Student: 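Quick one: the structure is below, questions incoming.
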Amino acid sequence: MAIDTLRVAVFDGGWNLPLWAGIDQGFFASHGVPIELRYVGGSAELVERLLRDEVQVAIAGIDNLVAYQEGHARIPGTRPDLVAFLGGDRGFLSLVAGPGIRSYDELRGHTLSVDALSTGFAFVLRELLATHGILPGEVEIVPAGGTSQRHAALLAGRHAATLLRTPYELLAQEAGCRILPGAHWLDDYMGSAAFCQRAWAATSGETLRAFTRAYRASLDWLTGPDAGPRAAALLRRHAPGLDPALSERALDVLLAPATGLIRDLRPSMTGIATVLALRNRHAGQAAALSDPARYVDLSYLPPA
């Protein structure tokens with residue numbers, strides 16, 4: 001099914017760099033699939049807009065797809081059937097504490113924030129706390145919306161710590177916050193993926209294939225020899241507060257070959273298994289989840 005403009009729901013943050021570059025360099029238009037980004041403030045809003053056909057594609061943590069697909073999070077009157085068709089990143093997650101908090105132990109008795117309590121990266125936070133000996137009752141975890149909202153709340157002192165994604169952890173550091181260690185295992189985690197309704201995909205295969213080709217063209221341009229200054233300028237344009245030095249640091253994180261944006265566009269099955277394992281440990285659902293392939297369709301990706 002042909003479409004004039006593909007509407008894509010996203011959170012604000014540096015992981016959108018291939019989308020910004022593809023718009024700026026004309027890759028999506030030249031592949032016949034011009035896109036319009038619709039920024040959202042939380043995972044419930046993102047999935048609701050997708051299910052109501054206000055957008056055709058969403059790019060967010062794949063745990064959001066799993067949560068709504070499995071009924072762990074619900075939107076009244078809907079029965080989601082979603083599928084991921086492109087892998088974006090491994091999360092770019094850092095646990096950032098406000099000024100004065102120097103260690104996990106000092107988080108006890110404080111309020112921490114996540115996007116939503118049962119979707120997104122909430123279980124990454126719970127796992128980080130558990131592995132550092134923080135019991136569930138020793139902190140309060142509250143929902144506070146997407147990364148930019150949590151960053152603002154952290155700087156305002158409303159929360160003692162939160163998970164932030166690039167470049168917001170760098171901005172928080174510049175403001176006197178501290179990145180707490182211990183998140184290296186997230187290299188085996190699946191962060192953002194592009195997903196859509198399975199029924200829409202079945203009638204829109206050419207649109208999805210054009211989108212993935214244009215997305216790959218954006219990544220190829222970003223990782224080429226001459227894109228650095230223009231890519232850093234794109235980050236500064238879309239992330240207010242980044243100076244040239246911080247934009248270069250953010251670019252290094254986003255384009256790191258092993259841990260940055262996923263170059264071959266293939267969602268990591270190992271990473272999705274980690275997402276499922278965290279949900280099994282922390283969500284309290286009756287049945288364990290064990291099949292990463294259940295949530296993915298790779299048929300729309302361009303040849304390697």
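Values below: all heavy atoms of this structure, side chains included; hydrogens, waters and symmetry mates excluded. Being a predicted model, the structure only gives us computed values, none of them experimental.
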Student: With sequence neighbours excluded, tell me which residues meet ring pair (Phe, Tyr, Trp, His ring centres under 6.0 Å) with His72.
Tutor: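 Partners of His72 under the ring pair (Phe, Tyr, Trp, His ring centres under 6.0 Å) test: none.
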Student: Pairs under 3.5 angstrom only: tabulate donor-acceptor contacts from the side chains of residues 135-146 to other protein residues two or more places apart or in another chain.
Tutor:
residue, atom, partner, partner atom, Å
Glu138, OE1, Arg108, NE, 3.1
Glu138, OE1, Leu135, N, 2.7
Glu138, OE2, Arg108, NE, 3.2
Glu140, OE1, Thr111, OG1, 3.3

Student: Can you list every pair that meets side chain to side chain donor-acceptor pair (under 3.5 Å) and has a residue in residues 283-304, with sequence neighbours left out?
Tutor: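 Sorted result for residues 283-304: Glu70-Arg294, Glu70-Tyr295, Asn280-Gln285, Asp297-Ser299.
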Student: Does anything in residues 28-52 pair up under ring-ring contact (aromatic ring centres under 6.0 Å, His included), and if so which pairs, sequence neighbours excluded?
Tutor: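 Those involving residues 28-52 are Phe28-Phe211.
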Student: Filter on ring-ring contact (aromatic ring centres under 6.0 Å, His included), then keep only pairs touching residues 231-286, sequence neighbours left out; what's left?
Tutor: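 Of all non-adjacent pairs touching residues 231-286, those that pass ring-ring contact (aromatic ring centres under 6.0 Å, His included) are Trp20-His238.
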Student: Just grab all the salt bridge (Lys or Arg N to Asp or Glu O under 4.0 Å) pairs involving residues 260-279, residues at least two apart or on different chains.
Tutor: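 Output for this query lists Asp63-Arg279.
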Student: If a pair satisfies ring-ring contact (aromatic ring centres under 6.0 Å, His included) and one of its residues is in residues 41-65, list it, with sequence neighbours excluded.
Tutor: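 Listed once each, the pairs would be none.
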Student: Would you mind listing every ring-ring contact (aromatic ring centres under 6.0 Å, His included) that reaches into residues 133-158, with sequence neighbours excluded?
Tutor: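 Sorted pair list: His151-Tyr168.
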Student: Sequence neighbours left out, what passes side chain to side chain donor-acceptor pair (under 3.5 Å) with Asn16? Give chain and number order.
Tutor: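 Here no residue qualifies.
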Student: Within a reach of under 6.0 Å around CZ of Arg74, are more than 12 heavy atoms found that belong to other residues, nucleotides or ligands?
Tutor: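 No, because the 6.0 Å sphere around CZ of Arg74 holds 12 heavy atoms or fewer from other groups.
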Student: Applying side chain to side chain donor-acceptor pair (under 3.5 Å) as the test, list every pair that has at least one member in residues 219-228; sequence neighbours left out.
Tutor: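 Pairs touching residues 219-228 that pass the test: none.
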Student: Shared ILVMFWY cluster between Trp15 and Ile23, side chains joined below 4.5 angstrom?
Tutor: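 As far as the 4.5 Å side-chain criterion goes, Ile23 and Trp15 are connected within one cluster.
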Student: Identify, with sequence neighbours excluded, every residue that meets salt bridge (Lys or Arg N to Asp or Glu O under 4.0 Å) alongside Asp243.
Tutor: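 Per chain and number, Asp243 pairs via salt bridge (Lys or Arg N to Asp or Glu O under 4.0 Å) with no residue.
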Student: Tell me the salt bridge (Lys or Arg N to Asp or Glu O under 4.0 Å) pairs involving residues 14-27, sequence neighbours left out?
Tutor: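 Every pair satisfying salt bridge (Lys or Arg N to Asp or Glu O under 4.0 Å) with a residue in residues 14-27: Asp24-Arg230, Asp24-Arg237.
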